[in-house]
Amino acid sequence: MPELPEVEVVRAGVEPAVTGALVAGVEIFDERSLRRHDRRTGSFTEQLTGRRILGAVRRGKFLWLPLDSGRALVVHLGMSGQVLLRTPGSAIDRHLRIRLCLESVSPQVLPPTAWPDDGAAGELWFDFVDQRVFGSLVIDNMVPTTDGAAGGFAGSGAGPWSALVPSQVAHISRDPIDPAFSQSAFFAGLARKKTGIKRALLDQTLISGIGNIYADEALFAAGLHYKTPTASLSPAQAAELLAALRAILQRALGEGGTSFDSQYVNVNGQSGYFAHSLEVYGRQGTPCSRCGTTLVRESFMNRGSHLCPSCQVVTS
DNA sequence: CGCGATTCCTGGTCGC
DNA sequence: TGCGACCAGGAATCGC
């Protein structure tokens, strides 16, 4: 389940390989991965073929590649999406949905597993692989950010596209490790909403990049029950929750993200290690690391919520 | 207007 | 052993 750390691993992996590359061709193996593309502005293939990629940017779980046309290729991994960089001639993945054929890529910026060892220098496959087809690729127009800051995290890249964001991403809030994230707006939003804290964390409009795994982990770290009304949080509790979110996202990022199986991998097909560091997610039936109480898994919002019934109780 | 339920989708797993 | 039911969940959309 790719969340912010997993998407950032993908962004950092593709950035050096795609920046400056020319899209020489597009192969569509499954139209469902283009479900969110608005065809009224032109076909996906027409708007991508012949364009040059200028960088790789991420906000929350959304990734986009600005194009020299002024638009951007927006990538969302959904539940099971992967981006794999491959040398032409590699075996076809079972769940390959869309392939971009890239040209004029300097061999020295390719990941080691994509180094060409024959006459294919400068050519690279950008494979969008997605088993459950919840992810999507779209070509979108760019709009200015409301605060004038960068649209998202772009690594070492910058350009005229920096203070722009794809229109399909504009309604998503900044994520908590974005330098332009507004703490005051986050706290004000918590005070204004009339809903439970986990629902607010998963709703990407107040804060972005958080999914089911890191929501459960952060709520455990902050000692909060998932149903705690957002408006009931004290300033100290809200600050502690935000600090917990940042700490967990940064730690997961440092470990290459969370992988349970081959469903989430980096652009070279390798798994991250954060699954070993999870305190509550998937650990129902085992003792809480803080108090020893048996952890439980409850059904909430049609998904699992993992928590310690002693450390995490509704306070109001 | 905003919250919360529904929908999209596949493959692994479980029970009969 | 085989087959059907069920579960995992990000985010747009719809209904109330």
Side-chain angles (χ1 to χ4, degrees), chain A residues 1-11 29-39 58-64 74-83 93-98 128-138 140 152 165-175 188-219 226-232 245 249 252 257-265 275 278 280-285 296-307:
Chain A
M1 296 120 253
E3 303 179 31
L4 186 157
E6 293 75 36
V7 180
E8 176 54 27
V9 168
V10 172
R11 191 211 64 76
F29 296 88
D30 195 328
E31 291 277 351
R32 293 175 302 175
S33 292
L34 303 179
R35 187 186 302 128
R36 301 203 174 284
H37 176 77
D38 185 356
R39 297 186 68 95
R58 179 196 52 75
R59 175 188 292 203
K61 306 173 201 172
F62 281 86
L63 169 67
W64 65 90
V74 181
V75 179
H76 198 286
L77 301 178
M79 281 292 299
S80 55
Q82 306 172 348
V83 173
D93 291 89
R94 180 176 178 188
H95 302 296
L96 175 61
R97 308 299 182 190
I98 308 288
F128 181 68
V129 176
D130 186 11
Q131 178 204 103
R132 294 184 218 177
V133 207
F134 271 34
S136 61
L137 300 187
V138 307
D140 198 9
V165 64
S167 66
Q168 289 195 10
V169 186
H171 70 291
I172 297 296
S173 168
R174 291 184 178 280
D175 58 68
L190 288 177
R192 187 181 63 245
K193 279 185 174 285
K194 292 180 171 58
T195 190
I197 184 59
K198 184 169 179 182
R199 194 180 289 278
L201 292 180
L202 296 180
D203 170 4
Q204 307 293 303
T205 60
L206 186 58
I207 189 169
S208 70
I210 319 293
N212 202 44
I213 298 173
Y214 298 116
D216 281 3
E217 292 297 313
L219 289 171
Y226 59 85
K227 282 183 180 169
T228 306
T230 57
S232 78
L245 284 165
L249 293 174
T258 299
S259 298
F260 298 112
D261 50 39
S262 59
Q263 280 305 309
Y264 163 70
V265 293
L278 298 175
V280 288
Y281 187 87
R283 297 188 56 84
Q284 61 272 21
V296 299
R297 178 186 182 280
E298 297 176 2
S299 188
F300 173 66
M301 289 178 72
N302 291 322
R303 46 176 59 73
S305 275
H306 311 74
L307 71 157

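All chains are named by letter (A, B, ...) in the order of the sequence lines, taking the proteins before the strands, and each is independently numbered beginning at 1.
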A:Ile213 to A:Leu278 - nearest heavy-atom pair and separation
CG2-CD2, 3.8 Å
Base, sugar-phosphate, or nothing: which does A:Arg94 touch, judged by heavy atoms less than 4.0 Å apart?
sugar-phosphate
Would you say the side-chain atoms of A:Asp216 and A:His306 include a donor-acceptor pair closer than 3.5 Å?
yes
Should A:Ile210 and A:Leu249 count as side-chain neighbours, where that means a heavy-atom distance under 4.5 Å?
yes
Contact nearer the 5' end of DNA chain B, comparing A:Arg199 with A:Asp30:
A:Arg199
Mind checking whether A:Gln284 and A:Val296 have side chains closer than 4.5 Å, heavy atoms only?
no
Sole candidate of A:Leu202, A:Leu201, A:Leu190 that passes side-chain contact (heavy atoms from CB on, under 4.5 Å) when paired with A:Ile207
A:Leu201
Rounded to whole angstrom units, what separation is found between the CZ atom of A:Arg132 and the C1' atom of C:dG9?
7 Å
Axis-to-axis angle across the helix from B:dG2-C:dC16 to B:dC16-C:dG2, five pairs an end, to 10 degrees?
60°
Segment of DNA chain B, first to last nucleotide, that comes within the 4.0 Å heavy-atom reach of chain A:
B:dC3 to B:dG11
Can you measure from NZ (A:Lys198) to OG1 (A:Thr228) and round to the nearest 0.5 angstrom?
12.0 Å
Exactly one of A:Ile197, A:Val280, A:Leu245 clears side-chain contact (heavy atoms from CB on, under 4.5 Å) with A:Leu219, and that residue is A:Ile197
At a cut-off of 3.5 Å, list every protein nitrogen or oxygen paired with a nitrogen or oxygen from nucleotides 10-13 of chain C, distance to 0.1 Å.
{"residue": "C:dG10", "atom": "OP2", "partner": "A:Asn212", "partner atom": "N", "Å": "3.3"}
{"residue": "C:dG10", "atom": "O3'", "partner": "A:His76", "partner atom": "NE2", "Å": "3.3"}
{"residue": "C:dG10", "atom": "N7", "partner": "A:Arg303", "partner atom": "NH2", "Å": "3.2"}
{"residue": "C:dA11", "atom": "OP1", "partner": "A:His76", "partner atom": "NE2", "Å": "2.3"}
{"residue": "C:dA11", "atom": "OP2", "partner": "A:Lys61", "partner atom": "NZ", "Å": "3.0"}
{"residue": "C:dA11", "atom": "OP2", "partner": "A:Gln204", "partner atom": "NE2", "Å": "3.4"}
{"residue": "C:dA12", "atom": "OP2", "partner": "A:His171", "partner atom": "NE2", "Å": "3.2"}
{"residue": "C:dA12", "atom": "O4'", "partner": "A:Arg36", "partner atom": "NH2", "Å": "3.4"}

Would you check if A:Ile98 and A:Phe29 make a side-chain contact, meaning some heavy-atom pair closer than 4.5 Å?
no
Using a strict threshold of under 4.0 Å (side-chain N to carboxylate O), is an ion pair present between A:Asp175 and A:Lys61?
no
To the nearest 0.5 Å, what is the distance between CG (A:Leu96) and CG (A:Asp130)?
10.5 Å
Is A:Asn302 touching bases, backbone alone, or none of the nucleic acid, heavy atoms closer than 4.0 Å?
base
What nucleic acid atoms does A:Gly135 come within less than 4.0 Å of, heavy atoms only: base, sugar-phosphate, or nothing?
nothing
Check whether any side-chain heavy atom of A:Arg59 lies under 4.5 Å from a side-chain heavy atom of A:Ser208, and answer yes or no.
yes
